[in-house]
Chemist: 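Questions regarding the structure given below will be posed in turn.
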Amino acid sequence: MNTEHYSPDVPVIELNEQSRGQFIARTYGHLFGAIVAFTLLEIAFFKSGLAQTITQAMMSVSWLWVLGGFVVVSWVARAAAHRASSMAAQYAALAGYVLAEAIIFVPLLYFADQVAAGVIASAAVITLLGFASLTALVFATRKDFSFLRGILMWGGIVAIVLIVGGALFGFQLGTYFSVAMVALAGGAILYDTSNVLHHYPQNRHVAASLELFASVALMFWYVLRILMSRR
């Protein structure tokens, strides 16, 4: 009997083709579900009028508090998705992270909707095309992009320092920073997709989908900012 299906901690690269295919299908199925849930939440916020209330509430406090709260939620969700033994806890982590992303996106989407009609849809299309292209690159080459981990960590630290500095001292980071962040998000997509193919354990498809969703959301955020700056 083939027991690979009953070895949840085995990295996917060590599984047979059928098991790897099931893991990949589950991961991207959950990613699609997370994107749909995020979209439905934003529609609900805007249709109900909560978007304006959330925007006013978040704009009335320092952005550092908002950012700090999101970082804490992100850390807790990712840690739970990667370490929790029960699937219920992993799903709760993914749901909590999607909700947190939906809330933090509200002010940006609210102002984008005021700036120019169609800019949100344009940013979504560009993001999905970028994600699809990078995903296809990894699947076609089968290259292990785990070497990007250090670059992404340092890039993330530099980005946080600049964002905090901008919030404290009132300077604008500008379009070049947004372009650099899109590139950083692209690197994260390469890294996450490579991990899906090579390094994730079989029982962590929820965690894998969370990481991919986080990278897609990061790219969408800064693509939208770039498009807004050109209006």
Side-chain angles (χ1 to χ4, degrees), residues 20-21 23-43 45-46 74 78 94 97-98 100-149 151-152 155-156 159 173-200 205-231:
R20 287 200 304 271
F23 175 83
I24 292 168
R26 288 170 182 165
T27 297
Y28 284 91
H30 283 74
L31 172 61
F32 177 75
I35 293 173
V36 170
F38 172 86
T39 303
L40 293 176
L41 281 169
E42 296 297 353
I43 292 173
F45 290 153
F46 278 82
S74 176
R78 282 172 157 158
L94 178 59
Y97 187 80
V98 170
E101 282 278 18
I103 292 172
I104 202 170
F105 260 86
V106 167
L108 180 63
L109 295 174
Y110 183 82
F111 289 122
D113 189 54
Q114 302 295 316
V115 168
V119 70
I120 296 174
S122 297
V125 170
I126 292 171
T127 301
L128 291 177
L129 287 175
F131 173 75
S133 299
L134 293 169
T135 301
L137 174 65
V138 177
F139 275 80
T141 64
R142 300 284 173 170
K143 184 175 178 58
D144 188 345
F145 285 92
S146 58
F147 65 88
L148 291 175
R149 183 173 184 271
I151 298 172
L152 294 172
L173 295 175
T175 302
Y176 289 116
F177 176 78
S178 294
V179 171
M181 291 303 294
V182 170
L184 185 69
I189 290 170
L190 289 175
Y191 174 75
D192 294 335
T193 307
S194 172
N195 281 342
V196 168
L197 290 182
H198 296 280
H199 299 295
Y200 271 103
H205 54 276
V206 176
S209 65
L210 190 155
E211 294 295 340
L212 285 168
F213 176 76
S215 299
V216 171
L218 179 64
M219 178 174 283
F220 177 55
W221 177 283
Y222 284 101
V223 168
L224 183 56
R225 286 180 62 92
I226 292 171
L227 294 182
M228 288 174 63
S229 69
R230 300 177 64 86
R231 299 300 178 101

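In what follows, every heavy atom counts, from backbone to side chain, and hydrogens, waters and symmetry copies are set aside.
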Chemist: Taking all heavy atoms of L148 and all of G187, pick out the closest pair and write down the distance.
Modeler: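 Taking every non-hydrogen atom into account, CD1-O, 3.6 Å.
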
Chemist: Output the distance between atom CE (M228) and atom CZ (F111), rounded to the nearest 0.5 Å.
Modeler: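 Answer rounded to 0.5 Å: 8.0 Å.
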
Chemist: Rounded to the nearest 0.5 Å, what's the gap from CD on E211 to CG on N195? Could you check?
Modeler: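 That separation rounds to 8.5 Å.
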
Chemist: Return the minimal non-hydrogen interatomic distance between A217 and E101, and the atom names on each side.
Modeler: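 Nearest heavy atoms, A217 then E101: CB-OE2, 3.6 Å.
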
Chemist: Taking all atoms of both residues into account, what is the closest heavy-atom pair of L94 and S209, and its distance?
Modeler: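 Looking at all heavy atoms of both residues, the shortest contact is CD2-OG, 3.9 Å.
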
Chemist: For the residue pair T175 and S229, what are the closest heavy atoms and their distance?
Modeler: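 It is OG1-OG, 3.6 Å.
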
Chemist: Rounded at 0.5 Å granularity, tell me how far CZ in F213 sits from CZ in F220.
Modeler: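 F213 CZ to F220 CZ: 10.0 Å, rounded to 0.5 Å.
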
Chemist: So which atom in I120 and which in L224 form the shortest heavy-atom distance, rounded to 0.1 Å?
Modeler: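 Between these two residues, the closest heavy atoms are CA-CD1, 4.1 Å.
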
Chemist: State the CZ-CG distance between F147 and L152, to the nearest 0.5 angstrom.
Modeler: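 With rounding to 0.5 Å, CZ (F147) is 9.5 Å from CG (L152).
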
Chemist: May I ask you to test the Y200-T27 pair for a side-chain heavy-atom distance under 4.5 Å?
Modeler: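 No, too far: nothing below the 4.5 Å cut-off.
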
Chemist: Looking at side-chain heavy atoms only, is the closest gap between F139 and I24 below 4.5 Å?
Modeler: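 Side chain of F139 against side chain of I24, heavy atoms only: contact under 4.5 Å found.
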
Chemist: For residues L227 and I126, determine if any side-chain heavy atom of one lies less than 4.5 Å from a side-chain heavy atom of the other.
Modeler: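 In short, these two side chains touch, coming nearer than 4.5 Å.
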
Chemist: Please name the pair of heavy atoms, one in F145 and one in L190, separated by the smallest distance, quoted to 0.1 Å.
Modeler: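 Nearest heavy atoms, F145 then L190: CB-O, 3.9 Å.
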
Chemist: Rounded to the nearest 0.5 Å, how far apart are CD1 of I189 and CG of L137?
Modeler: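 Going from the CD1 atom of I189 to the CG atom of L137 covers 11.5 Å.
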
Chemist: What's the spacing between L210 CG and Y97 OH if we round to 0.5 Å?
Modeler: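 If I round to the nearest 0.5 Å, the distance is 6.5 Å.
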
Chemist: List the steps, then state whether side chain to side chain contact (heavy atoms under 4.5 Å, CB included) holds for L109 with E42.
Modeler: CA-CA 9 Å; L109 295 174; E42 296 297 353; 3.5 Å; yes

Chemist: Begin from the C-alpha positions of Y28 and V196 and carry the test side chain to side chain contact (heavy atoms under 4.5 Å, CB included) through to its verdict.
Modeler: CA-CA 10 Å; Y28 284 91; V196 168; 4.2 Å; yes

Chemist: Please walk me through it: do R26 and F23 pass side chain to side chain contact (heavy atoms under 4.5 Å, CB included)?
Modeler: CA-CA 5 Å; R26 288 170 182 165; F23 175 83; 5.8 Å; no

Chemist: Flag the pair H199 / S146 as yes when at least one side-chain heavy-atom distance between them is below 4.5 Å, and no otherwise.
Modeler: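 Yes. Closest side-chain heavy atoms under 4.5 Å.
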
Chemist: For the residue pair F131 and L31, establish whether any side-chain heavy-atom pair is separated by less than 4.5 Å.
Modeler: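 Side-chain contact under 4.5 Å: yes.
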
Chemist: By side chain to side chain donor-acceptor pair (under 3.5 Å), which residues pair with S194, not counting sequence neighbours?
Modeler: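 S194 satisfies side chain to side chain donor-acceptor pair (under 3.5 Å) with D144 once adjacent residues are dropped.
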
Chemist: Quick check: are there more than 12 heavy atoms from other residues, nucleotides or ligands sitting under 6.0 Å from OH of Y176?
Modeler: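 Not buried by this count: 12 neighbours or fewer within 6.0 Å.
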
